[in-house]
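Throughout, a chain's letter reflects where its sequence line sits, starting with A, and its residues are numbered from 1.
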Number of protein chains: 2
Amino acid sequence: MNNPEQFLRNHVEKVVPLTDEEASFIVSHFKLETFKKGQFIIEEGNEVHNVYFLLAGLVKLVYEDQDAKKHIVSFAMEDWWETDFQAFYTQSKATLLLECIEDTIAYSLSFENFEKLCNDLQKMERFFLRKSIAGHIGSQTRILSFLTSNARERYEQLLLKNSSLLQRVPKTSLASYLGVSRETLSRLFM
Amino acid sequence: MNNPEQFLRNHVEKVVPLTDEEASFIVSHFKLETFKKGQFIIEEGNEVHNVYFLLAGLVKLVYEDQDAKKHIVSFAMEDWWETDFQAFYTQSKATLLLECIEDTIAYSLSFENFEKLCNDLQKMERFFLRKSIAGHIGSQTRILSFLTSNARERYEQLLLKNSSLLQRVPKTSLASYLGVSRETLSRLFM
DNA sequence: TGTAAATAGTGATATTTGTCACGCCTTTAA
DNA sequence: TTAAAGGCGTGACAAATATCACTATTTACA
């Protein structure tokens, strides 16, 4: 990712072809931001102004329950979109945390600019529709993994789907994503 | 639901306002269909041509695993959209079943007409984007219920969210949706 | 109307998973 | 460079949930 603008353009063009003018127009709505490992991009209770398109790095979307126990809703890395979508789309307070597992570079897109983009360029509305559908299908797959599989099987499926997570994420976090205690996960593969 | 066209129009207008012309234009892309209790709207291995907007009745979206065990991905009723989205959007073979729990009346929208609608009327692309986002958020909530809650809590959350299911759906199916055996569910509340 | 299928409850037991406690590394940061 | 925090494995035990077997009731429908 040595050229963020080109990277974003390529990403969008996997769904809809763009002219040079459209590509610049799109990029002009984004803002480049960098975050340190451990930094919170979104904090619970704050307004969620942006959705983030990750250029490099790795983040986790986390829900903290009443017992202060943390559960990982999803990981996101290069080429992915992430935010607290509930809070972003309804422009309300975050119920989730977005925390960097690695130093991260991202394009941020404000809600205002998101709406402008959709209004001014139907291609972008189409693009976001496709992305949203893909996200929905992905979530349904994850739900099915809870319905059909035990902890060990869910772990194996995760490895097949995204084996790089194993190297980049502590086991404790993988366990939290899989819905299993870190002790159980530890025992499953030793 | 004595007037399907009006019902659909009202549904769309919760997101985007429509002129009379637009409303008729939209309705002209749909086809009214009725299904009997027990009937399969989508069968595994078949092409998925349509997405369905339910006017009345109740259906379940089901995944059948290698052991022929059935898992309920979701229920859908009046005012909901349902299909095997993975198969529909990629125009490939169904991996899920869509089966009627009650006699059901639905508008079907073919993939071709879905694309036409999105192309010819940006409002509809916007409408589907909003629906898709809502679906994505809903799925994420369900994922969180698996991460944070045990069987009893998931059951209670389902009742809060959609208490009518308790009357309309056998406990066996509720168990299958919640990811718990029917025996365990039976014991949780007796 | 009568019969098969579906639905539902429950006892006994096995399996899976969670919790608590501890020790030992590795990484982080003052 | 040293203390603190984080990460990871593991033993002992507890809790949650699944499985199997059986029965009873209700529902569908030929």
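Each end of the helix from dT1(C)-dA30(D) to dA30(C)-dT1(D) gets its own axis, taken as the rotation carrying the C1' atoms of four end pairs onto the next four within a five-pair window, and the two axes meet at 60° to the nearest 10 degrees.
Of the candidates dC8(D), dA8(C), dA18(D), dC8(D) carries the atom nearest the P170(A) side chain, counting heavy atoms from C-beta on. The side chain of N150(B) approaches dA16(D) more closely than any other nucleotide in the set dA16(D), dC20(D), dC20(C). Of all nucleotides listed (dT10(C), dT17(D), dT17(C)), dT17(D) comes nearest to the side chain of T184(B). Side-chain proximity of E183(B) to dT19(D), dT17(C), dA18(D): nearest is dT19(D).
Per the geometry, NE2 belonging to H71(B) stands 11 Å off P belonging to dA18(D), to the nearest Å. One atom, CG of D67(A), and another, C1' of dC20(C), lie 16 Å apart when rounded to the nearest Å. Atom CD in Q39(B) sits roughly 17 Å away from atom C1' in dA28(D) (whole-Å rounding). As rounded to whole Å, 11 Å separates atom P of dG9(D) from atom CG of L188(A). Regarding E102(B), its CD atom lies at a distance of 15 Å from the P atom of dT27(D), rounded to whole Å. For the pair K70(A) NZ and dG7(D) P, the computed distance is 11 Å after rounding to whole Å. If you take CZ of F146(A) and C1' of dT17(D), they are 16 Å apart, rounded to a whole angstrom. Put simply, CG on L178(A) is 11 Å from P on dT17(C), counting in whole angstrom units.
The environment of CD in E112(B) is sparse: at most 12 heavy-atom neighbours from other residues, nucleotides or ligands sit within 6.0 Å.
Expressed to the nearest 0.5 Å, how far OG of S145(A) lies from CZ of F146(B) amounts to 8.5 Å. Distance CG/L121(A) to SG/C118(A): 9.0 Å, rounded to 0.5 Å. Within the model, atoms OG of S108(A) and CZ of F35(A) stand 7.0 Å from one another, a figure rounded to the nearest 0.5 Å.
Ion pair R9(B)/E5(B) not flagged as a salt bridge, since none of the NZ, NE, NH1 or NH2 atoms sits closer than 4.0 Å to an Asp/Glu carboxylate oxygen.
Side-chain N/O atoms of S181(A) include one lying less than 4.0 angstrom from OP1 or OP2 on dG18(C). For dT19(C), one of the phosphate oxygens OP1 or OP2 lies less than 4.0 angstrom from a side-chain nitrogen or oxygen of K69(A). Residue K37(A) places no side-chain N or O under 4.0 Å from the OP1 or OP2 atom of dT27(C).
Side chain R182(B) to base dG9(C): a donor-acceptor pair is found below 3.5 Å. Residue side chain R187(B) reaches the base of dG11(C) through a donor-acceptor N/O pair under 3.5 Å, judged by distance alone.
The side chain to side chain donor-acceptor pair (under 3.5 Å) search around S28(B) returns none, not counting sequence neighbours.
A cation-pi geometry, defined here as NZ or CZ lying under 6.0 Å from the six-membered ring centre and within 45° of its normal, does not hold between R126(B) and F128(A).
Both G179(A) and T172(B) lie near DNA chain C, and the one whose nearest nucleotide falls closer to the 5' end is T172(B).
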- [ ] Tell me, with the steps shown, if F7(B) and Y107(B) meet ring pair (Phe, Tyr, Trp, His ring centres under 6.0 Å).
- [x] CA-CA 11 Å; F7(B) 189 81; Y107(B) 266 131; 8.9 Å; no
